[in-house]
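What follows is a single structure, written as structure tokens, with notes after it.
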Amino acid sequence: MLDIRLIREKPEFVRARLATRGGGEETKIDDVLRIDAERRKSETELQRLQSERNRLSKEIGGRRSRKEPSEELEAQVREIGEQIAGSTARANAFDQEQRNLLLNISNLPHESVPVGKDATANRVVRTWGEKPQLTAPVDHVALGTKLNLFNLEWAAKLSGSGFICFTGAGAKLERALINFMIDLHTTEHGYFQVSPPFVVRRDCMIGTSQLPKFESDMYGLEDNQLFLAPTAEVQLTNLHREEILNIGDLPEKFTAYTPCFRREAGAAGRDTRGIIRVHQFDKIELVKVVAPDKSYEELESLTANAERVLQLLGLHYRVVELCTGDLGFGSAKTYDIEVWSPGSGDGGAFLEVSSCSNFEDFQARRMQLRFKDRDGKNRLCHTLNGSGVALPRLFAALIESYQQPDGSVRIPEKLQPHFGADKIE
RNA sequence: GGUGAGGUGGCUGAGUGGUCGAAAGCAGCGCUUUGCUAAAGCGCCGUAGCCCAAAAGGCUACCGAGGGUUCGAAUCCCUCCCUCACCGCCA
């Protein structure tokens, strides 16, 4: 959520930054300003009435204690009470309208983000490793099916299309990857592990900005008051919701393994082959709650923490800086990490396995997540998150990259202690 | 699922219809004094919003959340959320 004060004081700046996204959202600013003016007007009026009521009510109290008549004043206050009821309704309606508008406006892209219309304007900031030399790479579906690593028919039988059922060595590989990543982040990168509930309240979903805008992409329960979390970003970022942290406690760094649930409505036909885009997938998440002046350096280190996973596994990848037009709703700046999948598409493709973002105070304002600074003032924290990393795509890239001419899959050295073998055959 | 007890400021904890944004204690900040690894005294000390060009100042709201009763609600009523205890059920 954007700061209404910023909108009020620098509307041109806000409009200009929003315009770089190319979604036409800058036109909403006029509405916000109009409603804001109305809201304040009705609020001032309401407060005037309340003040009057308070004054007269005290007078009544005084008269009664002195046994003096007060019927006249009581009638007067009763009338003011009616006006207050109307005024309250008006003020609340404006307040609600303003909030709804603000909840549906994207974050402002950071000034360093390249301006562009869509993904074609994204910028590759670095590439790590090299494409593996494979004579005739087989894709992960063929590999996985042949080696019995997962069974998509079983998954479909249980849950329909868009689900995975890992089996045998595949299930074990999944487990090994989870442990490998969590161990890495907790021991080497200093994150605190949390194993959270997978079902979250509506408020939490609003806090991290999945709602209200993207409700149709979410799995709702209990009359949509609870949701299956689409990412552990929701749980981890909301841990300190509505709290005021001590500056000394920042940065807070959390990691979690959770399944993630997404309807992927409208995504039919896109990247749908095999296990690349599914309704439920496992993911290791990294979340940081930090002081505002540190958030951009924290974004760099968070991204580096996620990259380390791929480096240790010896997987070729690149880091892409998203342009303004490709940036997610709440993000001010995002780096995507894309791992090389030799069997995807025609001759290989990069698959997004992590999206590392700085939300600045966009989420913090929604969830009233603050810290007390050195002057004792309450200020909003900045929040960041990224996958470290998402499992099915990592799984696919891994088995494709390490496939051997004899049809087996070699296990990278760093993963062997977790997997308990050096190959799958 | 049932029964009961609760949710008050950073913390502890008073307060059952009127000058209560809320006693008191602790913590914190400032000053004074005495001095030495601290004590005493005094003062300050919640959050948010609105008015104001701004400062000063003023006003409003907030005692888990939302409604209601009333001239007036932390206080009475209703609904919901959460915490704790016991019972039931259960992996």
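We use all heavy atoms of the structure for the numbers below, so side chains are in, but hydrogens, waters and symmetry mates are not. Protein chains get the first letters and strands the later ones, always in sequence-line order, with residue 1 at the start of each.
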| note | Residue pair Leu46(A)/Leu73(A) against RNA chain B: nearer the 5' end by closest nucleotide is Leu46(A)
| Nearest-nucleotide comparison on RNA chain B, the residue closer to the 5′ end among Asp36(A) and Glu74(A) | Asp36(A)
Please report the distance separating the [atom1] of [N] from the corresponding atom of [M], rounded so that it comes out in whole Å.
N: U47(B); M: A5(B); atom1: C1'; value: 29 Å
N: G6(B); M: U75(B); atom1: P; value: 15 Å
N: C50(B); M: G43(B); atom1: C1'; value: 30 Å
N: C45(B); M: C59(B); atom1: P; value: 16 Å
N: A65(B); M: G7(B); atom1: P; value: 13 Å
N: A24(B); M: G13(B); atom1: C1'; value: 8 Å
N: G25(B); M: U33(B); atom1: P; value: 24 Å
N: C63(B); M: A74(B); atom1: C1'; value: 5 Å

| task | Run the salt-bridge test on Arg8(A) and Asp36(A) with the 4.0 Å N-O cut-off and return the result as yes or no. | result | yes
| Does the distance from a Lys or Arg side-chain N to an Asp or Glu carboxylate O, for Arg63(A) and Glu59(A), drop under 4.0 Å? | yes
When the distance from [atom1] of [X] to [atom2] of [N] is rounded to whole Å, what number comes out?
X: Arg99(A); N: A48(B); atom1: CZ; atom2: P; answer: 16 Å
X: Glu45(A); N: C59(B); atom1: CD; atom2: C1'; answer: 13 Å
X: Gln50(A); N: A73(B); atom1: CD; atom2: P; answer: 10 Å
X: Gln368(A); N: G46(B); atom1: CD; atom2: C1'; answer: 15 Å
X: Arg78(A); N: U70(B); atom1: CZ; atom2: P; answer: 9 Å
X: Glu71(A); N: G72(B); atom1: CD; atom2: P; answer: 15 Å
X: Asp249(A); N: G10(B); atom1: CG; atom2: C1'; answer: 13 Å
X: Lys58(A); N: A73(B); atom1: NZ; atom2: C1'; answer: 14 Å

| request: Using atom types as modelled and distance alone, determine if a side-chain donor or acceptor of Ser57(A) lies under 3.5 Å from a backbone N or O of Asn54(A). | output: no
May I ask you to say what [X] touches in the nucleic acid, namely base, sugar-phosphate or nothing, with a heavy-atom cut-off under 4.0 Å?
X: Arg48(A); result: nothing
X: Arg379(A); result: nothing
X: Arg39(A); result: sugar-phosphate
X: Arg201(A); result: sugar-phosphate
X: Arg55(A); result: nothing

| Phosphate contact (U60(B) OP1 or OP2) by Asn54(A) side-chain N/O below 4.0 Å | yes
Opposite nucleotide pairing with [N], Watson-Crick or G-U, both atom distances under 3.5 Å:
N: G41(B); result: C31(B)
N: U83(B); result: A5(B)
N: A22(B); result: none
N: C62(B); result: G46(B)

Residue [X], side-chain atoms from C-beta onward, closest of [options]:
X: Glu43(A); options: U19(B), C50(B), U60(B); value: C50(B)
X: Ser57(A); options: C51(B), G18(B), C82(B); value: G18(B)
X: Arg53(A); options: A61(B), C82(B), G18(B); value: A61(B)

| request: Step by step, work out the salt bridge (Lys or Arg N to Asp or Glu O under 4.0 Å) result for Lys294(A) and Glu297(A). | output: CA-CA 6 Å; Lys294(A) 297 282 198 300; Glu297(A) 55 186 89; 5.6 Å; no
| query | Would you say the base of G49(B) and the side-chain of Arg40(A) have a donor-acceptor pair closer than 3.5 Å? | reply | no
| With a 3.5 Å cut-off and just heavy-atom distances, do the side chain of Gln47(A) and the base of G49(B) make a donor-acceptor pair? | yes
| Would Phe362(A) and Phe329(A) count as a ring pair (Phe, Tyr, Trp, His ring centres under 6.0 Å) if you check the C-alpha gap in whole Å, the side-chain angles of each, and the deciding distance to 0.1 Å? | CA-CA 10 Å; Phe362(A) 189 81; Phe329(A) 178 72; 5.6 Å; yes
| request: Check the side chains of Glu360(A) and Tyr296(A) for a donor-acceptor pair under 3.5 angstrom, ignoring hydrogens and angles. | output: yes
| query | Around Glu413(A), counting heavy atoms of other residues, nucleotides and ligands shown, do more than 12 lie under 6.0 Å from its CD? | reply | no
